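Okay, structure first, notes after.
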Amino acid sequence: MSPSQGFFNVQNMIRRILLILVVLAVPAGLAGASQALADKANPPIPHHEPIVVQLSLAPAPNAAEAQEQDGGNHD
């Protein structure tokens with residue numbers, strides 16, 4: 001093996017490593033830029049207390065049957 005051949009192998013290996021790093025860095029950079037734009041477009045909402053809604057209980061099945069038997073009218 002001549003000395004120049006070994007140099008080219010190292011140079012090719014360095015090029016491949018740099019190419020791999022670029023290929024991995026581009027999506028990360030795009031994701032970071034995209035997140036920065038999203039944060040600028042939609043600023044974070046300030047924290048507020050959650051809204052609590054109290055639901056009423058469903059009527060008992062027996063109560064519904066009693067209304068049907070009575071006709072449902074209480075005039």
Side-chain angles (χ1 to χ4, degrees):
M1 182 182 339
S2 67
S4 63
Q5 212 175 12
F7 174 73
F8 285 119
N9 284 339
V10 171
Q11 193 175 19
N12 283 339
M13 184 176 67
I14 291 172
R15 283 185 185 164
R16 287 181 182 176
I17 291 172
L18 289 175
L19 179 64
I20 290 170
L21 290 175
V22 167
V23 167
L24 294 176
V26 167
L30 290 175
S34 174
Q35 186 63 49
L37 286 173
D39 289 343
K40 184 184 274 189
N42 297 320
I45 299 171
H47 177 73
H48 62 277
E49 292 299 318
I51 299 171
V52 179
V53 178
Q54 185 175 1
L55 302 176
S56 63
L57 297 175
N62 293 340
E65 288 175 10
Q67 277 186 346
E68 286 177 10
Q69 289 175 357
D70 289 346
N73 283 337
H74 295 287
D75 291 336

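Just so you know, these numbers come straight off a predicted model, no measurement behind them.
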* Evaluate side-chain contact (heavy atoms from CB on, under 4.5 Å) for Ile17 paired with Leu19, printing each intermediate quantity in order. => CA-CA 5 Å; Ile17 291 172; Leu19 179 64; over 6 Å; no
* Asked: Same hydrophobic cluster for Leu55 and Ile51, using side-chain heavy-atom links shorter than 4.5 Å among ILVMFWY?
  -> yes
* If two hydrophobic side chains count as joined below 4.5 Å and joins carry through other members, does Val23 share a cluster with Leu30? -> no
* With Leu24 as reference, evaluate Val26, Ile20, Val22 under the side-chain contact (heavy atoms from CB on, under 4.5 Å) test and give the passing residue. =>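 Result: among Val26, Ile20, Val22, Ile20 is the only option passing the side-chain contact (heavy atoms from CB on, under 4.5 Å) with Leu24.
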